[in-house]
Student: 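Just dropping this structure here.
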Amino acid sequence: MVRSITYGHPVTSSSAPRPDVLDDLRPTAAPHDWRARLRLFGHVGHPRTDTRDLLVPPFPEPRTRPWELLGLVPPAPAGRLAGAMGWLGPVLVAVLAGALRFWRLGSPHAVVFDETYYAKDAWSVLRLGYEGTWPDRKIADPQMLADPQVISLSNTGSFVAHPPTGKWVIALGEWMFGLTPFGWRFMTAVLGTLSVLMLCRIGRRLFRSTTLGCLAGALLALDGLHLVMSRTALLDLVVMFFVLAAFGCLLLDRDHARARLAAALPVNRNGWARPDRDTGDRAGTGLRPWRLAAGLFLGLAASTKWNGLYFLAFFVILTVLWDVGARRVAGARHPYRAVLRKDLGWSVLSLVPVAVVTYLVTWTGWFLSDNGYGRHWADDRGGAWSWIPAPLRSLWHYEQGVYRFNVDLHASHEFESNPWSWLALGRPVLFHHQSSKPGTDGCHATTDCSQTILALGTPLLWWSACGALAYLLYRWALRRDWRAGAVLCAVGAGYLPWFLYQDRTTFSFYAVAFVPYLCLAVTMMIGALLGPPGANADRRARGAVAAGVLVLLIAWNFIYLFPIYTAQTIPYADWRARMWLDTWV
């Protein structure tokens, strides 16, 4: 029997047996079966879906018709080309994203916003294994940019507010290209490009559609905040990358675990699998390496910035609920009890301990040092906790100081913003600004010019995402759509915890951690615009027009704002025209 799905919904293809034939394929009904009696009067039952397909919906067969209509390839190669689009499409989208992120990456030749901390800390961990001490930024920054360059780093340990992983990532680019703007921005551009590729594949697996997967990646490639953060040596995009990698691993783990349950289901004489209580309650799902990988990536996210810990907590709950759903579909009488016996141990052991160990390993450079800040604090201290190795107690004391610093950060800043305004893009952050007179610094206008880098999401994408999140709440709460729940969980993990710190100094660019899931939300909404399975041609045409107009408007919006994302020199009037809201100035 041939089955296909559109936008994640199982449907029966035209070549499949008719419903009445499906009824004949089932085991012979007992004489008292009311369905058998109704069939005597011409009743036609609904086609059943194999439980294995409910557990793991199959990917649709690649469509060759578009390639054949274009006349680009004969029918046989068209099939191979259509099959290759599962990877070829995402790679092409990633190439576009890479071109945008690496174009003039070393410009401006300046230390942009908080690069003054992370570029120097990255160089320090590369040279010393821990964060050393630099002179005041007014001295150190011009020295780094000078020719000849002066690097005034001392080996005295310095107190820093964030763990080391993100700085090691930035340091890799500096190791390859030196302590230059291109060098310290290189790895964030690489991770930004790879995250677009990953989101294409994640969207494809989530929606069972290569087209929708590539659309999600394209939306991420065209988001202004993601672009700016990919071209700046800050830590938040590194957090986004590791969390997205963990999300992708958990999706793979979900499919693989459910496939094992599907394989364990009993099959009747006609080859159909049905729910089975014993299988649902007792079947194991085996070793789960993708969940271990997710724990590793979540540990790397938390060891970049602590907000990665919230993703760990949310994703543990998400995986438990996924396991409960799988057990229920497989036929478990008590799915929560079955998960407690068979899956909960793996859920916890594969994520939390792996993340904790990963976090500690990332501090290896500090552990091996003698001059790291607070490294020997516990060496001569006893007490009730003296049975714990001194280096771990020293790290704990250090982390307590970091926690107090982050929680008590209340200094006012010109571009700080409350999380309530982030989705509406109420107050973006100006990373870089430079004015130039006509005839200087590339200003070819007759009036003054402006060169800026504004950490602003593509407005039409973000404002569409607000509506898309409302649609996903409906899909999750009223239609029990697990895909909507997964996306909402990831958005919540990156967004909701910031509301706990209403008095803390916060910035809207922290939202880059959940931008990929906003793109998935908009993609799911666009999938709904295209129409449900079985919709007529007229409905499909109207949906395609609406979806196409929305995507084109988002692309136009990105192109229009591109100069203020990439520090291009434009006339002051053109810059002012792009400041749609007064709060953006």
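FYI, side chains are in, hydrogens and waters are out, and symmetry mates aren't considered; it's all heavy atoms of this structure. Along the sequence shown, the residues carry numbers beginning at 1. No experiment lies behind these values; they were computed from the predicted model shown.
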Student: Is the closest side-chain donor-acceptor distance between Asn557 and Thr458 under 3.5 Å?
Tutor: no
Student: Given the ring of Trp482, does Arg475 sit roughly above its face, with NZ or CZ under 6.0 Å from the centre of the six-membered ring and within 45° of the axis?
Tutor: no
Student: Over 60° means perpendicular and under 30° means parallel, so classify the ring planes of Phe159 and Phe405, tilted if in between.
Tutor: perpendicular
Student: Taking the side chain as everything from C-beta on, heavy atoms only, tell me whether Thr566 gets closer than 4.5 Å to Ile453.
Tutor: no
Student: Within 45 degrees of the axis of the six-membered ring of Phe207 and under 6.0 Å from its centre: does Arg483 put its NZ or CZ there?
Tutor: no
Student: Do the side-chain N and O atoms of Ser152 and Gln143 include a donor-acceptor pair separated by under 3.5 angstrom?
Tutor: yes
Student: Please determine whether ring-ring contact (aromatic ring centres under 6.0 Å, His included) holds for the pair Tyr130 and Tyr373, giving the CA-CA distance in whole Å, both sets of side-chain angles, and the decisive distance to 0.1 Å.
Tutor: CA-CA 8 Å; Tyr130 59 92; Tyr373 184 89; over 10 Å; no
Student: Return the orientation label for the Trp366 and Trp363 ring planes: parallel under 30°, perpendicular over 60°, tilted otherwise.
Tutor: perpendicular
Student: With distance as the sole criterion, is a donor-acceptor pair present between the side chains of His109 and Ser107 under 3.5 Å?
Tutor: no
Student: Under the ring-ring contact (aromatic ring centres under 6.0 Å, His included) rule, what pairs show up with a residue in residues 170-202, not counting sequence neighbours?
Tutor: Phe102-Phe186, Phe177-Phe182, Phe177-Phe186, Phe182-Phe186
Student: Strictly under 6.0 Å, is that where the ring centroids of Tyr310 and Phe314 end up?
Tutor: no
Student: Kindly give the heavy-atom pair with the smallest separation between Pro163 and Lys167, and that separation in Å.
Tutor: O-CE, 3.1 Å
Student: If you measure from the Lys or Arg side-chain nitrogens to the Asp or Glu carboxylate oxygens, is any gap between Arg204 and Asp255 under 4.0 Å?
Tutor: no
Student: Ala490: what forms a side-chain contact (heavy atoms from CB on, under 4.5 Å) with it, not counting sequence neighbours?
Tutor: Phe247, Phe315, Tyr517
Student: Compute both the distance and the angle, then confirm whether Arg393 meets the cation-pi test with Trp377: under 6.0 Å from the six-membered ring centre, within 45 degrees of the axis.
Tutor: no
Student: We want to know whether Asn418 and Trp498 form a side-chain donor-acceptor pair, criterion being a heavy-atom distance below 3.5 angstrom.
Tutor: no
Student: Assess the side chains of Trp476 and Tyr471: does a donor N or O sit below 3.5 Å from an acceptor N or O?
Tutor: no
Student: May I ask you to check whether Phe499 and Trp420 place their ring centers less than 6.0 Å from one another?
Tutor: yes
Student: Could you check whether Arg127 makes a cation-pi contact with Trp123, meaning its NZ or CZ is under 6.0 Å from the centre of the six-membered ring and within 45° of the ring axis?
Tutor: yes
Student: Just say parallel, tilted or perpendicular for the rings of Tyr118 and His162, cut-offs at 30° and 60°.
Tutor: tilted
Student: May I ask you to say whether Arg427 pairs ionically with Glu416, meaning some side-chain N is under 4.0 Å from a carboxylate O?
Tutor: no
Student: State, to 0.1 Å, how close Met229 and Thr188 come at their nearest heavy-atom pair, and which atoms those are.
Tutor: O-CB, 4.0 Å
Student: What pair of heavy atoms forms the shortest contact from His226 to Gly192, and how long is it?
Tutor: CE1-O, 3.3 Å
Student: Using modelled atom types only, decide if a donor and an acceptor are shared between the side chain of Arg185 and the backbone of Ile170 within a distance under 3.5 Å.
Tutor: no
Student: Is there a donor-acceptor contact under 3.5 Å linking the side chains of Gln451 and His433?
Tutor: no
Student: Do the rings of Phe507 and Tyr510 sit parallel, tilted or perpendicular, given the 30° and 60° boundaries?
Tutor: perpendicular
Student: Does any donor atom in the side chain of Ser303 or Thr165 lie under 3.5 Å from an acceptor atom in the other side chain?
Tutor: yes
Student: Counting the benzene-type ring for Trp, do Phe509 and Trp422 have ring centres under 6.0 Å apart?
Tutor: no
Student: Output yes when Asp323 and Arg291 qualify as a salt bridge under the 4.0 Å nitrogen-oxygen rule, no when they do not.
Tutor: yes
